[in-house]
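From a predicted model like this one, the values you see are computed outputs, not experimental measurements. As the structure lists them, so they are numbered: ligands from 1, and atoms in each ligand from 1. Just so you know, residue 1 is the first one in the sequence shown, and it goes up from there.
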Amino acid sequence: MNDFIFHNPDKVYFGKDIMENLPKELLNFGKKVLMVYGGGSIKKNGLYDLVKKLCADNEIELFELSGVEPNPRHKTANKGAEICKKESIDVVLAVGGGSTIDCAKGVAAAAVTESGNVWDLVSSGTWVTDALPVVAVLTNAATGSEMDGWAVISNMDTNEKIGLGGSALIPRVAFENPEYSYTLPTYQTVCGAVDIFNHVLDNYYLAGDATFDMILEMQEAVMRTVVKWTPVAMAEPENYEARANLMWASSMALNTILDAGTVHGCACHAMEHELSAYYDITHGHGLAILTPRWLEYILDENTAPAIARFGVKVFGLSENSDSMEGARKAIKAVSDFCFGTLGLKSTLTELDIDRTHFRAMAEHACADGIITGAKNLSPDDVEKIYEMCL
Ligand code: NZQ
Ligand code: ZN
């Protein structure tokens, strides 16, 4: 178990009757608010009208940046930064899923730079310590962006999708009403669930020191939550318990509470971001295809006991005295969950992705030479894992 610092200053309002607190939280930062949102889901579910009314009733001046894309583009964030500079915006309000919140973070960071170009920050790997405050209203249980210090921004001109991180990017306040996720299409519900699951699994002790049992148990509880409640949310989109469990699991998975004492891993994420950067696919779907292949690839005598334990604790498999066999069953349980229960397509070929860019993607995924984790991955390893996904 390693030493650690836990510091997450995000204030979260969670539940049904929370939105009346939005104006006072915004006014803590000022009267001029830029609302950032996506392609219109918040207009259909009434959230847009509600935010407008709450702001109008409280003399908050609201500006808008709409049309944030899934896999948000740097150019969209730059448009928002321009509005912030021109209008002297005090606070950026994201209303939507992870893409919207990430874009809002990009806006907030770029707005305080001279160039106003978020890609300057992303491409230079700048750790963001200065940004306009961000407030988030979450509508999709998935990325954890509502409680973390990361924004994943895409530059489609260069086929790059890169994380921008920094303490100033953690939302100051997040509003999480599970009811706002009732309108999610099944596909997004499912992809979000896989994202939550993988944020934990990418970070799970799969080799080496596993002495911090409390954290292991917490990680397993979050993954079990996804396994238990996603099928319920699929069958009953308006099941509050299911949506609430998934929403809080989303926040817990990546707010660093589950990193305590561990080495943060991100193997599947590093590989998936290349798929989205080249093919603009849905993040969670890419993760679902990669995860069982990655587990298969890293399975050896070192990793088998932890993978086998994960099968028992997360999927309720029976204990197996042969850890290699137990691990194989656990990997099959992941596949069955993603491609059976959740109904996702299981190969890259079915998403019209072939091997054309595998080498370039593998090299970019290993930008620092290797991806560290339960087993370090070189570009050759990553290329082989992509091949296993065809
Ligand atoms: O754009 P709108 O109209 O809002 O529709 C969205 C979008 O089409 C829709 N949606 C969201 N909430 C809805 C809804 N539709 C109906 N009802 C609702 N309540 O769902 C679609 C996908 O939305 P998006 O925000 O793209 O999904 P998600 O929350 O999964 O975010 C994915 C992005 O986050 C990044 C991913 O790479 C991807 O770019 N990630 C961000 C992370 C972070 N900040 O820490 C970590 C993650 O690992 C991830 O990489
Ligand atoms: Zn993710």
Side-chain angles (χ1 to χ4, degrees), residues 10 35-48 65-74 76-77 94-106 128 134 136-156 160-166 169-171 174 176-203 226 233 237-238 243 246-247 250-251 253-256 264-277 280-288 290-291:
D10 194 346
M35 173 165 58
V36 178
Y37 58 98
S41 69
I42 66 161
K43 290 195 170 162
K44 288 191 199 134
N45 66 13
L47 201 44
Y48 174 83
L65 173 70
S66 62
V68 175
E69 314 80 358
N71 300 326
R73 316 297 203 248
H74 73 293
T76 308
V95 187
S99 295
T100 293
I101 302 173
D102 283 3
C103 182
K105 291 176 179 179
V128 180
V134 174
V137 180
L138 180 66
T139 64
N140 185 15
T143 64
S145 187
E146 66 278 9
M147 257 194 111
D148 77 11
W150 289 93
V152 186
I153 306 290
S154 293
N155 183 337
M156 290 323 210
E160 286 178 292
K161 179 175 179 181
I162 302 178
L164 175 68
L169 299 182
I170 301 175
E176 303 188 25
N177 180 345
E179 293 172 322
Y180 295 138
S181 60
Y182 286 172
T183 48
L184 275 166
T186 304
Y187 182 68
Q188 290 302 334
T189 299
V190 162
C191 288
V194 175
D195 195 18
I196 299 167
F197 189 90
N198 194 278
H199 288 153
V200 186
L201 182 61
D202 245 359
N203 216 17
V226 172
E238 302 198 4
R243 294 296 190 183
L246 290 173
M247 199 165 260
S250 157
S251 299
L254 218 56
N255 69 1
T256 74
H264 189 87
C266 62
C268 288
H269 270 72
M271 293 188 282
E272 197 297 311
H273 284 165
E274 298 304 314
L275 291 172
S276 321
D280 201 15
I281 64 169
T282 301
H283 174 59
H285 199 168
L287 289 173
L290 283 161
T291 303

Exercise. Determine the minimum heavy-atom distance between S250 and T143, stating which atoms define it.
Key: OG-N, 4.0 Å
Quiz item: Name of the H269 N, O or S atom nearest the Zn ion (ligand 2)?
Solution: NE2
Quiz item: If we only count heavy atoms from C-beta on, is the Y37 to K43 side-chain gap below 4.5 Å?
Solution: yes
Exercise. Have a look at D280, T143, T139 and point out the one with the heavy atom closest to atom 40 (N) of ligand 1.
Key: T143
Quiz prompt | Min heavy-atom dist G163 to ligand 1 below 4.0 Å | solution = no
Quiz item: Any idea which heavy atoms bring D148 and P171 closest together, and the distance?
Solution: O-CD, 3.5 Å
Quiz item: With a 3.5 Å cut-off and no angle check, do the side chains of S154 and N71 form a donor-acceptor pair?
Solution: no
Quiz item: Which atom, counting only N, O or S, brings D195 closest to the Zn ion (ligand 2)?
Solution: OD1
Exercise. Please determine if G40 has a nitrogen or oxygen closer than 3.5 Å to a nitrogen or oxygen of ligand 1.
Key: yes
Quiz prompt | S181, any N or O under 3.5 Å of ligand 1 N or O | solution = no
Self-check item: Matching residue for V226 among V200, I196, D195, L201 - test: side chain to side chain contact (heavy atoms under 4.5 Å, CB included)
Solution: I196
Quiz item: Just distances here: any N/O of A142 and N/O of ligand 1 closer than 3.5 Å?
Solution: no
Exercise. Find out whether H283 and E272 are in side-chain contact, i.e. whether some heavy atom of one side chain is under 4.5 Å from a heavy atom of the other.
Key: yes
Quiz item: Does ligand 1 have any atom that is closer than 4.0 Å to a heavy atom of H199?
Solution: yes
